[in-house]
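Just dropping this structure here.
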Amino acid sequence: MSKKNALLKLSALTALLGGAFAFSDYAYKTSTVPRQHTDDSEDLDPAITKGRSFVRNHPRRRDEFIESLDNLRLHASFIPAAEDTHNYCLLIHGIWDNHECNGIYAEHYLEKGYNCLMIDLRGFGKSEGNYIGYGLDDRLDTLQWIDWIVKRDPEAKIILHGMSMGAATTLMTTGETLPGNVKGAIADSSFTTLPEQFASAYKKFKGSFVPTPLAIIILRLSILLRAGYDINDVRPIDAVARSTTPTLFIHGDDDTFVDPHMCSRLYEAAKCPKQYCMILGASHILGVVKDPVNYWNKVDTFIGKLFS
């Protein structure tokens, strides 16, 4: 082999490796490094902004903190009901946000007489953490918060209610062994598995030049090396097959971020008592805004049967 050919091949290999590293770094930062929601961040709907203000300014709201199993300081806002009750709703937000976005849900639950615990997932809000776990580590954190409730109120009756990544966290949590205090779960717009969701999102990304299967392999390796977990382990669809917790699956049929068919597959895979609700015309996690009457009728009826 001539020196010229060897140099050309070495240059090509160097360029390939450099490109792969650059793509890996970009993909990791885009998908796995938390970005904080600020007051300048735009909400999906004015109703969510209104709910955010409701939480922030509620006179009974107080900050609560726990320590995760891997020694992170985790935060939640707790708003007790106006009157003493053993009913609790644990609300779990989605990606790129914090607990305040769940104010629109907390307002309803408080009106119904529930204590509301709104958690900041690790890496978001006031919770420590430098990577997004998409429900894998978060399920263990949620178990810690459930324990926080039960230690303070052994008679607690708890509903888990999560949106988007929070819905995936909810379902991953139900795949664990839960105390009898957890009476049910509501998953609004969850994905089935993280590799599927990454692939779906990547295909919609303009300017993507790496073939999707290769892109997911690169991203998987990057997250494994830098965050320490395997995206192949993030599988809400397997968790619901193990779950015994009654679960309501909700999705909007106009969701372009998480495929609505994922909700159907989750529902079909679930072995627990289950219900299904597709909100017509609703985009991602906006069923509560698009059709609040249908949304809350379904939720209230579901919970009412569990608490009767």
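Since the structure is predicted, the reported quantities are computational estimates derived from the model, not experimental observations.
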Item to check | Candidate pair Lys298 and Asp300, rule salt bridge (Lys or Arg N to Asp or Glu O under 4.0 Å), full reasoning | outcome: CA-CA 6 Å; Lys298 194 71 176 181; Asp300 292 341; over 6 Å; no
Next on the checklist: Please enumerate all residues that pass side-chain contact (heavy atoms from CB on, under 4.5 Å) together with Asn297, with sequence neighbours excluded.
Outcome noted: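 Scan of Asn297 (side-chain contact (heavy atoms from CB on, under 4.5 Å), adjacent residues dropped) gives Val293.
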Checklist entry - Charged N to carboxylate O below 4.0 Å: is that the case for Asp70 and Arg122? => result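 A salt bridge links Asp70 with Arg122.
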Checklist entry - By side-chain contact (heavy atoms from CB on, under 4.5 Å), which residues pair with Val289, not counting sequence neighbours? => result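 Asp45, Ala47, Ile104, Leu286.
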Checklist entry - What residues, two or more places apart in sequence or in another chain, satisfy ring-ring contact (aromatic ring centres under 6.0 Å, His included) together with Phe198? => result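 Phe198: ring-ring contact (aromatic ring centres under 6.0 Å, His included) contacts with Tyr134.
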Under 3.5 Å donor-acceptor pairs involving side-chain atoms of residues 175-182, not counting sequence neighbours:
| unit_1 | atom_1 | unit_2 | atom_2 | d |
| --- | --- | --- | --- | --- |
| Glu176 | OE2 | Arg139 | NE | 3.0 |
| Asn181 | ND2 | Pro154 | O | 3.0 |
| Asn181 | ND2 | Ala156 | O | 2.9 |

Next on the checklist: Side-chain heavy atoms under 4.5 Å apart, restricted to Ile/Leu/Val/Met/Phe/Trp/Tyr: what other residues fall into the cluster of Ile217, or is it alone?
Outcome noted: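 Other cluster members: Leu221.
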Checklist entry - Would you call Asp147-Lys151 a salt bridge at under 4.0 Å N-O? => result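 So Asp147 pairs with Lys151 through a salt bridge.
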Checklist entry - Should the pair Arg52-Asp39 be classified as a salt bridge under the 4.0 Å nitrogen-to-oxygen rule? => result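 Salt bridge between Arg52 and Asp39, a charged N being under 4.0 Å from a carboxylate O: no.
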Checklist entry - Is the backbone N or O of Ile223 less than 3.5 Å from a side-chain atom of Tyr131, with the two atoms forming a donor-acceptor pair by type? => result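 Between the backbone of Ile223 and the side chain of Tyr131 there is no qualifying donor-acceptor contact (under 3.5 Å).
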Checklist entry - How far apart are the closest heavy atoms of Gly103 and Phe54, and which atoms are they? => result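 Where Gly103 meets Phe54 most closely, the heavy atoms are O-CD2, 4.0 Å.
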Item to check | Tyr295 and Asp188 side chains, donor-acceptor separation under 3.5 Å | outcome: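 There is such a pair (donor and acceptor under 3.5 Å, judged by atom type) between the side chains of Asp188 and Tyr295.
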Checklist entry - Is the Lys NZ or Arg CZ of Arg62 less than 6.0 Å from the centre of Phe78's six-membered ring, within 45° of the axis? => result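 Judged by the rule, Arg62 and Phe78 form no cation-pi pair.
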Checklist entry - Would Arg61 and Ser77 count as having a side-chain donor-acceptor pair, cut-off 3.5 Å? => result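 Their side chains do contain a donor-acceptor pair, which is all the 3.5 Å distance test asks for.
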Checklist entry - So, Thr174 and Thr245: side-chain donor and acceptor under 3.5 Å apart, yes or no? => result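 Side chains of Thr174 and Thr245: no pair found under 3.5 Å.
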Item to check | Pair Tyr276 and Tyr267, ring centroids less than 6.0 Å apart | outcome: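 Yes, ring centres under 6.0 Å apart.
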Item to check | Sub-6.0 Å ring centroid separation between Trp145 and Tyr88 | outcome: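 Aromatic pair excluded; centres sit 6.0 Å or further apart.
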Checklist entry - Sequence neighbours excluded, which residues qualify as side-chain contact (heavy atoms from CB on, under 4.5 Å) partners of Ser189? => result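 Ser189 satisfies side-chain contact (heavy atoms from CB on, under 4.5 Å) with His251, Asp255, His284, Ile285 only.
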Item to check | Pairing of Lys126 and Glu64 as salt bridge, 4.0 angstrom limit | outcome: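 Salt bridge between Lys126 and Glu64, a charged N being under 4.0 Å from a carboxylate O: no.
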Checklist entry - Is there a donor in the side chain of Asp43 and an acceptor in the side chain of Thr49, or the other way round, less than 3.5 Å apart? => result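 Side-chain D/A pair, Asp43 to Thr49: present.
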Next on the checklist: A side-chain contact here means heavy atoms from C-beta on lying under 4.5 Å apart; do His86 and Asp153 qualify?
Outcome noted: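 Side-chain contact under 4.5 Å: yes.
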Item to check | Pairwise side-chain contact, Phe124 with His99, heavy-atom cut-off 4.5 Å (strictly under) | outcome: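 No - every pair of side-chain heavy atoms lies 4.5 Å or more apart.
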Checklist entry - With a 4.5 Å limit on heavy-atom distance, are the side chains of Leu117 and Ile149 in contact? => result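 Yes, at least one pair of side-chain atoms sits under 4.5 Å.
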Checklist entry - Looking at side-chain heavy atoms only, is the closest gap between Leu160 and Leu91 below 4.5 Å? => result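 No, too far: nothing below the 4.5 Å cut-off.
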Item to check | Within 45° cone of Phe307 ring axis and under 6.0 Å: Lys157 NZ or CZ | outcome: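 Judged by the rule (NZ or CZ under 6.0 Å from the ring centre, within 45° of its axis), Lys157 counts as positioned above Phe307.
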Checklist entry - Looking only at heavy atoms, which two atoms of Lys183 and Pro246 are closest? And how far apart? => result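 Looking at all heavy atoms of both residues, the closest pair is O-CD, 3.5 Å.
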Checklist entry - Can a salt bridge be assigned to the pair Arg56 and Glu100 using a cut-off of 4.0 Å between side-chain N and carboxylate O? => result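 A salt bridge links Arg56 with Glu100.
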Checklist entry - Would you say the side-chain atoms of His93 and Asn98 include a donor-acceptor pair closer than 3.5 Å? => result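 On atom types as modelled, these side chains do not qualify, holding no pair under 3.5 Å.
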Next on the checklist: Quick check on the 6.0 Å ring-centre criterion: do Trp296 and Tyr109 meet it?
Outcome noted: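 Distance test on ring centres: under 6.0 Å, yes.
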Checklist entry - Going by atom types only, do Ser41 and Thr38 share a side-chain donor-acceptor pair under 3.5 Å? => result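 Judged by distance alone, the side chains do pair up.
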Next on the checklist: A side-chain contact here means heavy atoms from C-beta on lying under 4.5 Å apart; do Asn115 and Ile79 qualify?
Outcome noted: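 No, too far: nothing below the 4.5 Å cut-off.
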